[in-house]
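Lettering follows sequence order; numbering is per chain, from 1. Below, all heavy atoms of this structure are taken into account, side chains as well, without hydrogens, waters or symmetry copies.
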Protein chains: 2
Amino acid sequence: MASERTVQPRRRGRPGGLEGADLLSVARDILLREGYAATTMDAIAAAARISKQTLYRSHASKQELFAAVVTDWVERGQNAMRPHLDRLRSTEEVEQALLDLAGILHAAVLSPPVVQMRSLVIAEAERFPEIAAEYVQRSWERNEALLADVFADLAGRGLLATGDAGTAAQQFTWLVLGAPLDRITLTAGASRFSEEQLAAMARDAVATFLARWQPASPVRRRV
Amino acid sequence: MASERTVQPRRRGRPGGLEGADLLSVARDILLREGYAATTMDAIAAAARISKQTLYRSHASKQELFAAVVTDWVERGQNAMRPHLDRLRSTEEVEQALLDLAGILHAAVLSPPVVQMRSLVIAEAERFPEIAAEYVQRSWERNEALLADVFADLAGRGLLATGDAGTAAQQFTWLVLGAPLDRITLTAGASRFSEEQLAAMARDAVATFLARWQPASPVRRRV
DNA sequence: CCTACCGATCGGTAGG
DNA sequence: CCTACCGATCGGTAGG
């Protein structure tokens with residue numbers, strides 16, 4: 001099955017436009033920028049340098065193309081949190097590791113494409129509930145479950161209070177992300193928080209989280 | 001300037017359709033149900049039993065009608081939180097009063113119309129940033145500022161720890177609302193939390209909040 | 001003459 | 001692969 005020209009990723013001789021993951025990428029760019037209703041299949045075909053016929057051959061409808069874009073998105077972000085969560089899991093300094101994680105969550109979740117994809121899915125959640133369901137399960141709920149698992153491990157090592165690790169993960173997530181995500185979502189990035197404000201919010205989030213979830217053991221007692 | 005028939009609210013002899021606040025109400029219903037793009041001026045005019053020309057005379061474009069609906073909405077919800085915040089302000093039992101407020105926030109913010117309006121504004125935030133800005137300032141930020149003011153009062157009475165009352169209000173808001181609001185927004189109300197789950201989340205939110213913001217005074221020390 | 005309102009239809013553009 | 005084109009429907013405005 002060896003092909004003659006391994007340098008060229010294109011399968012056929014035609015110069016051709018985009019397909020597969022590249023096609024989904026340009027479709028995603030337009031969807032995030034314009035929204036679902038304002039995105040036309042003509043615009044996507046033109047940006048991918050393919051005909052609408054070719055576009056409809058790989059994606060039978062606008063809705064199916066949207067679903068493919070979201071599925072591709074959640075698969076790409078599937079394991080993005082893994083290394084950072086593993087670092088938290090093996091830490092000896094919980095407070096600093098939580099601060100690090102808060103900063104990583106800010107950088108990741110508050111980035112324009114992530115916020116825009118979230119807004120896009122919210123906007124179409126009523127019309128396409130199964131797409132929104134896949135998004136919420138495979139991105140948010142999955143990462144929250146992974147974080148809960150790490151918290152359970154830390155509790156087992158005596159570095160966090162034992163209790164409902166799922167509740168702890170939920171509270172940490174929204175203490176860190178709630179206010180800035182809400183603000184950015186509702187202002188289209190116009191009045192973003194400054195880096196100093198975000199850092200202060202991360203410190204306050206960790207402080208409140210640890211006030212509740214710090215182990216009662218006297219050796220690790222804080223003032 | 002006394003008119004002959006004060007019983008009839010209509011100004012002219014024609015039977016006529018809706019206008020003013022009633023017109024905005026039916027427009028809001030359709031916008032919340034269908035979304036902005038799928039809402040047609042024809043449908044609004046038909047639901048209000050007026051011609052499109054009459055509709056366009058009071059609202060010069062679809063966008064201006066949308067802005068009027070949002071303005072009307074934030075004005076109606078302006079002081080909805082007042083009595084509940086005043087009850088918290090004058091309480092002697094902070095923990096129970098916070099639990100009560102959490103339940104009220106759940107009932108108010110997680111109700112379908114409030115969630116739908118929020119989703120609608122988010123969906124159009126990029127296209128109509130000034131409408132989203134008015135919404136976020138006059139509903140969310142305003143209520144958060146009112147809550148911060150109450151927290152500052154409670155701190156002055158020694159019932160909460162002194163500190164940044166704004167941070168406390170932000171953390172309380174998102175501890176209480178973050179997880180369920182996210183879930184309901186992204187599932188279009190399909191997989192709502194049960195009353196028991198919401199009550200448990202409220203208790204955990206208050207517990208975490210008080211772990212950080214409870215005064216250090218020994219008389220009010222908790223176990 | 002004016003205001004309020006209607007039936008009909010305009011130019012453009014959507015998904016397919 | 002592309003151009004042309006469909007049935008439908010949109011926001012906004014004409015004449016009367």
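OP1 or OP2 of D/dC1 sits under 4.0 Å from a side-chain N or O of A/Thr54. Between B/Arg57 and the phosphate of C/dT3, there is no side-chain N or O to OP1/OP2 separation shorter than 4.0 Å. Applying the 4.0 Å criterion to OP1 and OP2 of C/dC6, one finds that B/Ser51 has a side-chain N or O inside that range.
Considering OG of B/Ser58 and CG of B/Leu65, their distance stands at 7.5 Å, rounded to 0.5 Å.
Computed from coordinates, the A/Gln53 CD to D/dC5 P distance equals 16 Å when rounded to whole Å. Whole-Å rounding puts the B/Asp42 CG to C/dC10 C1' distance at 13 Å. A/His59 places its NE2 atom 16 Å from the C1' atom of C/dG15, with the value rounded to the nearest Å.
For A/Glu195, the CD atom is loosely surrounded, since the number of other residues' heavy atoms within 6.0 Å does not exceed 12.
Between A/Phe151 and A/Phe209, the gap from one ring centroid to the other is short of 6.0 Å.
The base of C/dG16 sits within donor-acceptor range of the side chain of A/Lys52, with an N or O pair under 3.5 Å.
Within residues 32-41 of chain B, the residues having any heavy atom under 4.0 Å from DNA chain D are, by residue number, B/Thr39, B/Thr40, B/Met41.
Looking at A/Glu126 and B/Arg33, their side chains never come closer than 4.5 Å, going by heavy atoms from C-beta outward.
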